[in-house]
Amino acid sequence: MSGSEVFSHILFALSVGSMALGLMLVLAGAIGVIRLPDFYTRMHAAGVTDTLGAELIILGLILQAHDWQTIAKLALVGLLLFLTSPTATHAVANAAHRAGQMPDLTKFKPKHPRDLNEGEGTK
Amino acid sequence: MDMVNFLVALGLAGAMAIMLARLFAGPTLYDRVLAANSFGTKTVLFLLVFSAIAGRQDAIDIALLYALINFVATIAILKFFRYRSLEIALAQMSLRRAVEGEFEE
Amino acid sequence: MGYIAGLTAVLVVLWLVLSGSYTLSGDHTVLMVMAVLSIAAAVFLTVRMRILDRETVPLAPALSLVVYWSWLGREIVAANLAVLRLIMKPDIEVEPRLIRVPVDLRSGLARCVFANSITLTPGTVTVDIEEDGFLVHALDTSFTAPEGFSDMAAHTDAATDGQRENS
């Protein structure tokens, strides 16, 4: 087995591992969006998929690309997702907060009543 | 390699189906917007994987455009439901720009 | 003037990467004319809208931001694993909290990068931005440690070199 063949096998293994990990994160985020009970907590689950899962799948595709133009375009899409997804998440959260939607802080473990007022108490 | 990509595409389609379920079930507007945005991200990934399977370069360009439109559409929907109109938001923006311009000069 | 040159260079590279044609022969002539026209139009409109400053063309802080991203990547991976563990538990036990994070960063760019970093790290999302701090929603009480936020703020400040926003 020649050197370049070994190299291509290593690239293949890395690509499969990266894509499998990314797919697992995306699916976990989707399951979280279904399972979690409250809008604000669901937002966190959707954020998981948008950051690491998407970047890992794109990394896997970059590792199996053949020409540099594909690599550059994929990297551009990855950079775009990396920059826009937190902004979109913040926009949704801020819109919900400004519209007066209160996060459900009491539902799961109401242990410390003083913590419940922390959000709107100080100012 | 094509087999792996096919499985990844299948998994992404499953995640998109779950997002659609949240989109229909979501009790508040913001759940739906969040699900739509996340669905768009998964569509971008699906298009990228599709371009690798089919060997079509142009699908990557479509994915790039879709990512841009997805972001702008999310912001526009939120802005519309905040003011019930796009005109007020635009007028506020131009007003702010005018005030800042006065401070600069 | 430096901003115009930087913006033009970025647009030229973007066009070349996305179109993939570099020669002037045959059909490519039309494409090149289109490239020159659209890049000139984009630069002219940007100058006319007066939005050309340090924030829209962040070429100077780009290098330190890349160094910052490598640090942020490790944080994101660690937080992802924590959120994943919370989501995949058989029965969900989360304690969401809404906390205030005090922010005394100097420049607008640093505040922007800091807010985006908080949102980008899974488990915490910046909900609202106030004069002296951010309102942050955390998925669980394990994400609300103030040391983590001050650590991230220090890294952000180092990455954006603390310049004024309108310099």
Side-chain angles (χ1 to χ4, degrees), chain A residues 12 15-16 19-20 22-34 38-40 42-43 45-51 53-58 60-62 64-67 69-70 72-74 76-81 83-85 87-89 91-99 101, chain B residues 1-5 7-12 14-23 25-42 44-49 51-52 55 57-61 63-68 70-75 77-79 81-82:
Chain A
F12 177 76
S15 158
V16 169
M19 283 175 83
L23 183 64
M24 203 185 72
L25 278 170
V26 167
L27 282 175
I31 291 169
V33 168
I34 281 293
D38 171 25
F39 161 69
Y40 286 93
R42 269 175 218 143
M43 190 174 64
V48 174
T49 69
D50 284 359
T51 51
E55 299 298 328
L56 278 176
I57 288 182
I58 290 175
L61 288 173
I62 285 178
Q64 44 173 284
H66 295 297
D67 56 338
Q69 200 192 357
T70 313
K73 281 184 186 175
L74 284 171
L76 202 61
V77 177
L79 181 70
L80 200 70
L81 284 182
L83 289 180
T84 55
S85 76
T87 315
T89 309
V92 180
N94 193 14
H97 178 73
R98 290 283 173 88
Q101 181 136 17
Chain B
M1 187 55 87
D2 272 355
M3 196 63 208
V4 178
N5 283 343
L7 286 180
V8 171
L10 217 60
L12 282 174
M16 284 160 78
I18 297 176
M19 281 299 161
L20 272 188
R22 175 50 77 193
L23 186 70
T28 67
L29 165 75
Y30 305 103
D31 282 302
R32 293 175 210 270
V33 175
L34 187 73
N37 185 28
S38 199
F39 184 83
T41 308
K42 284 167 188 57
V44 171
L45 292 178
F46 189 86
L47 274 172
L48 292 178
V49 177
S51 88
Q57 277 268 319
D58 42 355
I60 302 183
D61 296 334
L64 193 65
L65 270 182
Y66 199 92
L68 279 169
N70 183 34
F71 175 65
V72 175
T74 304
I75 303 292
I77 289 170
L78 289 173
K79 203 137 206 164
F81 279 102
R82 183 132 141 205

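Here the structure is a predicted model, which means the values were calculated and not measured. We name chains A, B, ... by the order of the sequence lines, and we start the count at 1 in each one.
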A side-chain contact here means heavy atoms from C-beta on lying under 4.5 Å apart; do [X] and [Y] qualify?
{"X": "B:Ile18", "Y": "A:Val33", "value": "no"}
{"X": "B:Leu12", "Y": "A:Ile57", "value": "yes"}
{"X": "B:Val4", "Y": "A:Gln64", "value": "no"}

Give me the atom names and distance for the closest heavy-atom approach of [X] to [Y].
{"X": "B:Pro27", "Y": "A:Arg42", "result": "CD-NH1, 4.0 Å"}
{"X": "A:Ile34", "Y": "B:Arg22", "result": "O-NH2, 3.1 Å"}
{"X": "A:Leu81", "Y": "B:Ala67", "result": "CD2-CB, 4.4 Å"}
{"X": "B:Tyr30", "Y": "A:Ala95", "result": "OH-O, 3.7 Å"}
{"X": "A:Ala91", "Y": "B:Ile75", "result": "CB-CD1, 3.7 Å"}

Chain B contacts, top residue of A:Ile58, A:Leu61, A:Leu27 (heavy-atom pairs, under 4.5 Å): A:Leu61
Heavy-atom pairs under 4.5 Å with chain B, option from A:Ala20, A:Ala54, A:Ala46, A:Ala93 with the top count: A:Ala54
Residue, of B:Val33, B:Thr74, B:Val44, B:Leu34, that accumulates the most heavy atom pairs under 4.5 Å with chain A: B:Leu34
Heavy-atom pairs under 4.5 Å with chain A, option from B:Met16, B:Met19, B:Lys42, B:Gln57 with the top count: B:Gln57
Separation of A:Leu80 CG from B:Asn70 CG (nearest 0.5 Å): 10.0 Å
Gap separating the CD atom of A:Gln69 from the CD1 atom of B:Ile60, nearest 0.5 angstrom: 8.5 Å
Which atoms of A:Leu23 approach chain B - backbone, side chain, both or neither, heavy atom under 4.5 Å: side chain
Which atoms of [X] approach chain A - backbone, side chain, both or neither, heavy atom under 4.5 Å:
{"X": "B:Leu68", "value": "both"}
{"X": "B:Leu48", "value": "both"}
{"X": "B:Val49", "value": "both"}
{"X": "B:Asp31", "value": "both"}
{"X": "B:Leu64", "value": "both"}

